Amino acid sequence: MARYNAKESEKDWQAAWDAKNAFVTPNDFSRRKSYILEMFPYPSGRIHMGHVRNYTMGDVLARFRRAQGFNVLHPMGWDAFGLPAENAAREKGVNPREWTYANIAAMRDQLKSMGLAIDWSREFATCDPSYYRHQQKLFLDFFRAGLVYRAEADVNWDPVDGTVLANEQVIEGRGWRSGALVERRKLAQWFFKITAYSDDLLDALDHMERWPEKVRLMQKNWIGRSEGMRFSFDLSNGKSVEVFSTRPDTLFGASFVALSPDHPLAEALAAKDAKLIAFVAECRRVGTAEEAIETAEKLGYDTGLTATHPFDPNWKLPVYVANFVLMAYGTGAIFGCPAHDQRDLDFARKYGLPVLPVVVPEGTDAKDFAVGDKAYVGPGRLANSRFLDGMDVAQAKADVAKRLEAAGKGTRTVHYRLRDWLVSRQRYWGCPIPMVHCPKCGLVPVKESDLPIKLPDDVRFDVPGNPLDHHPTWKNVPCPACNAPAQRDTDTLDTFVDSSWYFARFCDTKAEAPVSREAADYWLAVDQYIGGIEHAILHLLYARFFTRGLKKLGYTNVDEPFAGLFTQGMLCLTTFKDKNGQWLEPGEVEMRDGGFFKKGTNEIVTVGPSEKMSKSKKNVIAPETIIDIYGADTIRWFMLSDTPPERDIEWTEDGVEGCWRFVQRIHRLVTEAGALPPPGAKPNAKSEGADLGLRRATHRAIAAATDDLEALRFNRAVARIYELANAISGAEAGVAGAVRREALETLVLLVGPMMPHLAETCWQLLGHKTMVVETAWPVADPELTAFDTVNYAVQVNGKLRAVKQFPKGADKETVESTVLALEEVKRALDGKPPKRVIVVPERIVNIVA
RNA sequence: GCGGGCGUGGCGGAACUGGUAGACGCGCUGGAUUUAGGUUCCAGUGACGCAAGUCGUGGGGGUUCAAGUCCCUCCGCCCGCACCA
């Protein structure tokens, strides 16, 4: 029999599915639904292995749910705005639009070659005016609802990408894309009011059981809620300064007040103090070299001012400007309590300030408690604190709060680390912001009837800066309110806005409104979302915010966009370097005589560690070359096998070969099955012997593989399928044809979501006229998955001595006496009587000697 | 520094609420088929030992009839955040 020709077969089945519109999802709102979504790709031009892994996992789930009878939504689109298109325009002179759509066309073909069960009729790109038109409408809706505002603020400026960035997009002080050190600038920009939902975004995390704990924690830390107090110190110059503290209980341990170098008061003082100007400049210089922060010494400048203790008019504290106080957090000013805060302690030791413990551990006398070079941050009782003495930390906090509030000096507040989402980008290839700046009327929203505000085509990239701003005419428009000459906002929206609601648009891509309420009510939330961990905060937090905004505006009825989230691991591959330390592609390296050489030469190659596939390290394998050689099913199977889906997976040639052999093996099992009864033949309900054995193996495989797929344990489902294949090849020749047919059909159907083309071919070879994609998922017969005999492990003193089979439900006495009579047990007991015999039903017997 | 995760054969990894450690795959060894290579098939494959058996889930200690799994402690690796008051 001929081998399975994956290449031909796969193309044929893809055409056959298309011809039947097999994956076009009807908006039939009466059926039970399942919305499976993978993070949509940026159209860079080629798919990479990460895409293959991501989309394979989603596809398996989509096909599995479909077979189970769900109405499945499994769409695909393109996150198509962004800088690479603009950079390509600058570098190669191409038009960003043409470049993007050409990339989309190429990638669509590549995705289709994977045989994905996607409803392509719902495809869209975020750069389609028919998409961003709705986004502009939503922007205006959000604006009217108070969720969008414009403000001047210190912003993160990426000098390489030439635009501002949101806080989430600054990683270790550098732009997330460019890697350039971010500068601070004061600019008027647009913000989404994500902080309006700080508490809600935080609290909901506790109920999102189907999200990875890790992602929830990262978001929790990012939102960074802390409860404390704001209160004021009166200063010797007649002014006052407000501080924020989570530890007002330690107020009697205070030994200084410190201001951020960026604090307005510090700036005011600096105006009259040359040394302070120099100090502030020094702080800012260190501040930009982010690596230095970790080791940065605590530095302070004594302003000469004093602050009066809120509870003692005679107690004066020195006021410093200190480099470790951040303007961006709290009020930009603190009181320092060295005994109970490490930073304050470091600072106090350096400048010789008092260190007075005011919280001592339970059971310790305050006289015996001293703080060395480690601040005490644990629980305890208040001491050296006048009216607070003897209270625990919580009581003291409450008491201080009550007194400060009563005195009108402070208030309890909750502070968040999360700040509003800055969405203005000084770039061309993004969604234009539908706002007009009128000299008379100020900020005026564009009329909805004028949407979409389209990007102009005739833009120049040969001059630096924002092409929309440079455009000779585009920005000049009459004011929508007064008709006087005015100017459009020339910024575009952060591309993360585009991806913050695309899942809602997929519910009905033809809807006149941005989101069809009826379709959204049916399809949302996404049942299973799959993508990379790199979006743990950025995209996933923005989408959660946006969904709340959509709900507020009445577009949807859900708070959370993604009921289940799965973050897949990355792909890794060995790295190679030549003698000059330059990275080499795997194709440039050959192995011979047990060593690695540059192909065709005797130059020895250095083998590096396996690392995440990346272009810069040249350790990438192009999916299309693998699909070309082995077919899509092989690469799909590889992505699912062995490694749990959340972990990083090592790409190996041997692994792929093994998968390819299994493809052939399944095909062979079917073609060489011999004479089988026709489709529909049922095995004898009272099978026994070898027939029963194979039937049990079949039904156990169904039960186990189904459970594993439900839990996204693809690697285990794969193992179950191998076991079934082994059981089929190992079955005796005499096994009844109907039993063999049942086993083979089951194998094909279980394989179906994972290797869909192979499954269709085999299904046809088994005599079916229908397709696997229209066949229901097999159901395990509980009678056949249960065991009628049980193997007891027999231990003596916890050591395995024998395994003995008993009928299911054998009574303890029988088990015990039979086991004690076993030769192995007698030998191990060596004539001594057992002290105790533990029988765990259906599992184990342990004899204690 | 803080928070989280992980540590099991040569490798990727199984092991449900403590109950036969190593399923399944890769690799490797031997044999059969083949002109040969590949494919395919059969057998084997944690370590030591001829065997009986002993030892084995990062190290040490503990709980238990029984520990990869629970507790304490130490070590190592990975990820996230990072002067957050």
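Remember, predicted model here, so these are calculated numbers, not experimental data. Note on naming: letters A, B, ... go to the chains in the order of the sequence lines (proteins, then strands), and numbering restarts at 1 for each one.
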Establish whether the base of B/rC83 is bridged to the side chain of A/K298 by a donor-acceptor pair shorter than 3.5 Å. yes
Separation of B/rC84 P from A/Y416 OH (nearest whole Å): 19 Å
Watson-Crick or G-U wobble partner of B/rG38, both distances under 3.5 Å: none
What contact category does A/R720 fall into here, base, sugar-phosphate, or nothing, at under 4.0 angstrom with non-hydrogen atoms? base
Expressed as a whole number of angstroms, how long is the span from A/I223:CD1 to B/rG3:P? 19 Å
I want to confirm an ordering. Mapping A/G332 and A/V840 to their closest nucleotides on RNA chain B, which one lands closer to the 5' end? A/V840
Roughly how many Å apart are B/rC70 and B/rC77, using the P atom of each and rounding to a whole number? 23 Å
Residue A/Y329, side-chain atoms from C-beta onward, closest of B/rA14, B/rG53, B/rC84: B/rC84
Spacing of A/F324 atom CZ relative to B/rC83 atom P, expressed in whole Å: 12 Å
Base partner of B/rG76, which must satisfy Watson-Crick or wobble distances under 3.5 Å: B/rC6
B/rU39 versus B/rC55 - spacing of their P atoms, nearest Å: 41 Å
Hey, is the side chain of A/R836 poking within less than 4.0 Å of OP1 or OP2 on B/rC65, counting only N and O atoms? yes
Searching all strands shown, indicate the nucleotide that pairs with B/rU57 (Watson-Crick or G-U wobble; both distances under 3.5 Å). none
Classify the angle between the aromatic ring planes of A/F662 and A/Y722 as parallel (below 30°), tilted (30 to 60°) or perpendicular (above 60°). tilted
Counting the atoms with a prime plus P, OP1 and OP2 as sugar-phosphate, which does A/S641 contact under 4.0 Å by heavy atoms, base, sugar-phosphate, or nothing? nothing
If you find the nucleotide of RNA chain B closest to A/E213 and the one closest to A/E650, which residue's nucleotide is nearer the 5' end? A/E213
Can you figure out which of B/rA23, B/rC55, B/rG25 approaches the side chain of A/Y722 most closely? B/rG25
Between B/rG56 and B/rG9, how far apart are the two P atoms, rounded to whole Å? 14 Å
Please confirm whether the shortest side-chain N or O distance from A/K799 to OP1 or OP2 of B/rC55 is below 4.0 Å. yes
Given atom CE of A/M218 and atom P of B/rA82, what is their separation to the nearest angstrom? 10 Å
Which base sits across from B/rG22 as a Watson-Crick or G-U pair, both distances under 3.5 Å? none
Counting any heavy atom closer than 4.0 Å, what does A/K220 reach on the DNA or RNA strands: base, sugar-phosphate only, or nothing? nothing
I want to check one thing: is the phosphate of B/rA82, taken as OP1 and OP2, less than 4.0 Å away from some side-chain N or O of A/R417? yes
A/Q805, CD: over 12 other non-hydrogen atoms inside 6.0 angstrom: yes
Measure CD/A/E242 against C1'/B/rA85 and give the value in whole Å, please. 14 Å
Are A/Y320 and A/Y301 near enough that their ring centres are under 6.0 Å apart? no
Under 4.0 Å between any heavy atoms, over every strand shown, what does A/E723 touch: base, sugar-phosphate, or nothing? Just pick one. sugar-phosphate
Report yes if the side chains of A/R225 and A/D199 come closer than 4.5 Å at any heavy-atom pair, otherwise no. yes
Need one value for A/N797: base, sugar-phosphate or nothing, where a base atom within 4.0 Å counts as base even if backbone is also close, heavy atoms only. nothing
Identify the nucleotide, in any strand shown, that forms a Watson-Crick or G-U wobble pair with B/rA66, with both distances under 3.5 Å; if there is none, say none. none
It should be established whether A/N715 places a side-chain nitrogen or oxygen under 4.0 Å from OP1 or OP2 of nucleotide B/rG12. no
Should we count CG of A/D373 as having more than 12 external heavy atoms under 6.0 Å? no
Could you classify B/rG27 for me, syn or anti, using a glycosidic angle within 90° of 0 as syn? anti
Within the structure provided, determine whether A/T789 and A/F806 are in side-chain contact (heavy-atom separation under 4.5 Å). no
Quick one: label A/L326 by what it contacts on the DNA or RNA (base, sugar-phosphate, nothing), any heavy atom closer than 4.0 Å. base
Within the side chain of A/N619, is there an N or O that forms a donor-acceptor pair under 3.5 Å with the backbone of A/E611? yes
Considering only side-chain heavy atoms of A/R668, which listed nucleotide, B/rC41, B/rA85, B/rG53, is closest? B/rC41
Sub-6.0 Å ring centroid separation between A/H309 and A/F335: no
Between B/rG76 and B/rG27, how many Å separate the two C1' atoms, rounded to a whole number? 27 Å
What does A/V718 touch in the nucleic acid at a heavy-atom separation under 4.0 angstrom: a base, only the sugar-phosphate, or nothing? nothing
Please determine whether a side-chain nitrogen or oxygen atom of A/R661 lies at a distance below 4.0 Å from atom OP1 or OP2 of B/rG25. no
If pairing requires Watson-Crick or G-U wobble contacts with both distances under 3.5 Å, which nucleotide is the partner of B/rA14? none
Scan A/V848 against the nucleic acid and name what it touches under 4.0 Å (heavy atoms): base, sugar-phosphate only, or nothing. sugar-phosphate
Please measure how far the C1' atom in B/rU69 lies from the corresponding atom in B/rG18, and state the result in whole Å. 6 Å
Base, sugar-phosphate or nothing for A/N726? Non-hydrogen atoms, less than 4.0 Å. sugar-phosphate
Consider the side chain of A/N846, meaning its heavy atoms from C-beta on, and name the nucleotide among B/rC84, B/rA66, B/rA52 that approaches it most closely. B/rA66
Are A/R713 and B/rC16 close enough that a side-chain N or O sits under 4.0 Å from OP1 or OP2? no
Checking B/rC24, B/rU39, B/rU20 against the side chain of A/R3 (C-beta onward), the nearest is B/rU39
Taking pairing as Watson-Crick or G-U wobble with both contacts under 3.5 Å, can you name the mate of B/rG44, or confirm there isn't one? B/rC28
Separation of B/rG80 P from A/L538 CG (nearest whole Å): 13 Å
Would you classify A/R801 as touching base, sugar-phosphate or nothing, given that sugar-phosphate means primed atoms plus P, OP1 and OP2, and contacts are heavy atoms under 4.0 Å? sugar-phosphate
Quantified in whole Å, what is the C1' atom distance between nucleotide B/rU45 and nucleotide B/rC81? 46 Å
Could you tell me how far B/rU63 sits from B/rA14 if I compare only their C1' atoms? Round to whole Å. 27 Å
A/S226 vs A/R417, side-chain hydrogen bond (donor to acceptor under 3.5 Å, both in side chains): CA-CA, chis, key distance, verdict: CA-CA 8 Å; A/S226 46; A/R417 186 180 173 280; over 6 Å; no
Whole-Å distance, A/F714 CZ to B/rG13 C1', equals 17 Å
Pick the P atom in B/rU35 and in B/rC26, then give their distance to the nearest Å. 27 Å
Would the A/W651 and A/F638 ring centres measure less than 6.0 Å apart? yes
Of the nucleotides B/rG13, B/rA85, B/rC83, which one has an atom closest to the side chain of A/N323? B/rC83
How many Å lie between CG on A/N221 and P on B/rC83, as a whole number? 13 Å
Compare the minimum distances between each of B/rU39, B/rG19, B/rC84 and the side chain of A/R843, then state the nucleotide with the smallest one. B/rG19
What about A/D654, does its side chain sit under 3.5 Å from the base of B/rC26 through a donor-acceptor pair? no
According to a strict under-4.0 Å criterion, is A/R827 in side-chain N/O contact with OP1 or OP2 of B/rG53? yes
